Amino acid sequence: MMSLIRLLCTLVMALLFCHGPPATAQNRANDTEPQPAMLIADDVYIRSDDTLVAEGNVEAVYEGQRLTARRIIYDRTSDRLQFEGPITLFDGAYTVVLADSAELDRDLQNGILYGARVVMDDQLQLAAQQMNRADGRYSQLYKASVTSCQICKDGRPPLWQIRARRIVHDQQAQQFYLDDAQFRILDTPIFYMPHLRLPDPTLKRATGFLTPSIYNSTLLGSGVKVPYFIKIGDDKDLTLTPWLSNKTRTIEFRYRQAFRRGGIEFNGALSNDDLNRTENRAYIFGRGVFELKNDFVLRFDIEAVNDDAYLVDYDFLSKDRLDSELSLERVRRDEWMRGAITHFHTLRAGESNSTLPTIVGNANYERRFYPASLGGELRYSAQAHSHYRSSSLTTDGPDPDIFADGRDVSRLSTSADWLRSWTLMGGVRSTFKTGVAVDHFEIKGAGATSLSSVTDVIPSASLTLRLPMAKTTPRGVSHVIEPVVHLGWVGGSTPNIPNDESTRTEFDEGNLLTLSRFAARDRRERGASAAYGLSWSRFDPKGLTSTLTVGQIMRDRTQYEPNGGLTFTDTSGLRGKFSDILFAGQISTQNGLTLTGRGLFDNALDTTKAEARAGWHNSVTNFGATYIWLGRDVAENRPTTISEWAFDGSYRMSRHWTGRAEWRYDVASDRNVRAGVGVTYTNECVDISLSASRRFTSSTILTSSTDISLTVGLRGFSTRTEDKSYARTCKN
């Protein structure tokens, strides 16, 4: 019976609201015509004055907007609606309006609401004695207050609120305009502003001030950062951050712009301080990526600074070698090509940009073919490389290299390889690979210790044998064990050319089964070699997984340089005929704990290199610890042993409090490198962050410093708050 009454009332109201002239067939077919409002109620009756009254579970619906009330009275003569509360108005998107009573037009777009309260996106709340709606776009609230804090019925004021004589909400511009605004904390006035503009929670980008920070540094003094965001357009913006203190005058900036097929971003700063004799210190970092025709991607990266200590002094970045690059790349299923030109600039004390390669050019091409007559796979690759030094020295400096410090090197390398795989008896998986490579070098300014032009032809062949074995236990745990043997041969001998590109070699599980472990093609391992290894993996359906890899390399000869020196460094793990033994493993648990380790051990099982990482991540904890040990190696510019611990993590101590800490400790020197602590308080309406950090290191260009910062942000404005777990609740 009730559903029949609601249906009857709906039909009646539709007839009353659509009392205009009949629509033509063309109008009925037009989907853009506004739809009439509908009214649904338990009881509907018409008074003698042609006034319609709806009572009981009343709902008015118009173009996605829905209004509920205790009673609605429709005056057909004035075409107005009167509502008796409690009233709830939902705009169909993110805003809910509560009121005691209201008078609105038939389209619910204009009118007055009394005792109004607005809740936006379930976080921002506005309360007023009276609210006027105009054109369905503007809402004017008088004697109003706004807050995103939880308001309970115990009468206590919210943590913060803004009271104003009038608040105008422009729904189209997504902005609040406040007149005679007063900011209060626990109902205590803090400061007054005659006019104030704030974004509503649905607005992602708008011109205005961002969250400021109070900053104190023993190096830079005490000051404040006040970011100002400028929306230049829908596709670009600029953020300016003045930073004023008693020791520095700094302006930071960030510019972003999006294009139809790419985007760019530039970050930088300009400072005038009391720390350096340079009048102005500045840096600029920029990057961009663009998609071009035929699957090409253009990228650029700019990094420049006019003072070597500037980035570290201001804690902008800890990078000590800058690289700016322009590249063009295309990746397809069977083809890869890339061209790049890179400029390097070192900030390290004791390094000279004139004797280091500062301009480097690279062009790479790789292609795979599948010839039906041969079977298997044919791979072709080519690489052109050149690097330039600004120095014109024809003699060698104090570094371990024996070649002149002003040399410039160009290299052209090509190779063609054929490989094919078979499955042999017993499940042995075999892969045979053979090929030839040609390297041509042009060296300028190397002095009498090197040839000026060299062409090297390198034939090679290899055979890899694997025996994968798998087993699953009754509990569903899977084990995979795979022993592997790799046999290889590379012809020729190392030409008398400088070693500029392969000065650092890493031996790990990724290159155990390769013919050469050098970083570039100016050096190749020669002669016959064999590598053996064993890998074991365990997979538990409950979430625990683990892997372990062990391997070693054997050669028929020690790798020597043309001058008689050893090619591999002392700590590379690859010196001599027998390499160090490689151990690498990882364990991951279902509760977010991950342990990773890798190490090289000589025949006496003494450590050559070692690194370990532990991480624990879950809903309340994010912790990481890293240990690294590198032995002394002058050839790698490491005059002393490096042994360091590094910790970083955060822990959510309660619903609102999160603590974080970091610590880096030099075990070899028995001294701290960096330490920091911080705490953040977050609830539904405020975000307060306090942090302190100390840099202990110092050098000819760096000074140790202690930094303290405080940031207070009001939640609820601009970007919507997605994480509701910080919100407080009212006690019953």
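Predicted model, so just to flag it, every value in this text is computed and none were measured.
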Query raised in the report: Just by distance, with hydrogens left out, do Tyr365 and Glu335 show a side-chain donor and acceptor under 3.5 Å apart?
Result: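 Side chains of Tyr365 and Glu335: pair found under 3.5 Å.
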**Report entry** Identified salt bridge (Lys or Arg N to Asp or Glu O under 4.0 Å) partner of Glu644 from the options Arg674, Arg664, Arg671
**Finding:** Arg664
Query raised in the report: Can the ring centres of Tyr627 and Trp629 be said to be less than 6.0 Å apart?
Result: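 Centroid separation for Tyr627 and Trp629: 6.0 Å or greater.
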Query raised in the report: With ring centroids as reference points, do Phe369 and Tyr380 lie under 6.0 angstrom apart?
Result: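 When the ring centroids of Phe369 and Tyr380 are compared, they turn out to be at least 6.0 Å apart.
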Check this for me, if you would: do [X] and [Y] make a salt bridge, where the nitrogen-to-carboxylate-oxygen distance has to be below 4.0 angstrom?
X: Lys609; Y: Asp633; result: no
X: Arg348; Y: Asp320; result: yes
X: Arg299; Y: Asp301; result: no
X: Glu561; Y: Arg523; result: yes
X: Glu377; Y: Arg379; result: yes
X: Asp456; Y: Arg524; result: no
X: Arg411; Y: Asp522; result: no
X: Asp580; Y: Arg598; result: no

Report task. Decide whether a cation-pi geometry holds between Arg521 and Phe518; the criteria are a distance under 6.0 Å from NZ or CZ to the six-membered ring centre and an angle within 45° of the ring axis. Result ->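 Negative - Arg521 is either too far from the ring of Phe518 or too far off its axis.
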Query raised in the report: Should the pair Trp536 and His479 be assigned to parallel (<30°), tilted (30 to 60°) or perpendicular (>60°) ring geometry?
Result: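 Ring orientation, 0 to 90° scale: parallel.
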**Report entry** Verdict with reasoning, Thr571 to Thr608, per side-chain hydrogen bond (donor to acceptor under 3.5 Å, both in side chains)
**Finding:** CA-CA 6 Å; Thr571 59; Thr608 304; over 6 Å; no
Query raised in the report: Are Val409 and Ile497 side-chain neighbours, meaning at least one heavy-atom pair lies under 4.5 Å?
Result: no
Query raised in the report: Can you tell if the side chain of Leu534 reaches within under 4.5 Å of the side chain of Ile481, non-hydrogen atoms only?
Result: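 Leu534 vs Ile481: side chains touch.
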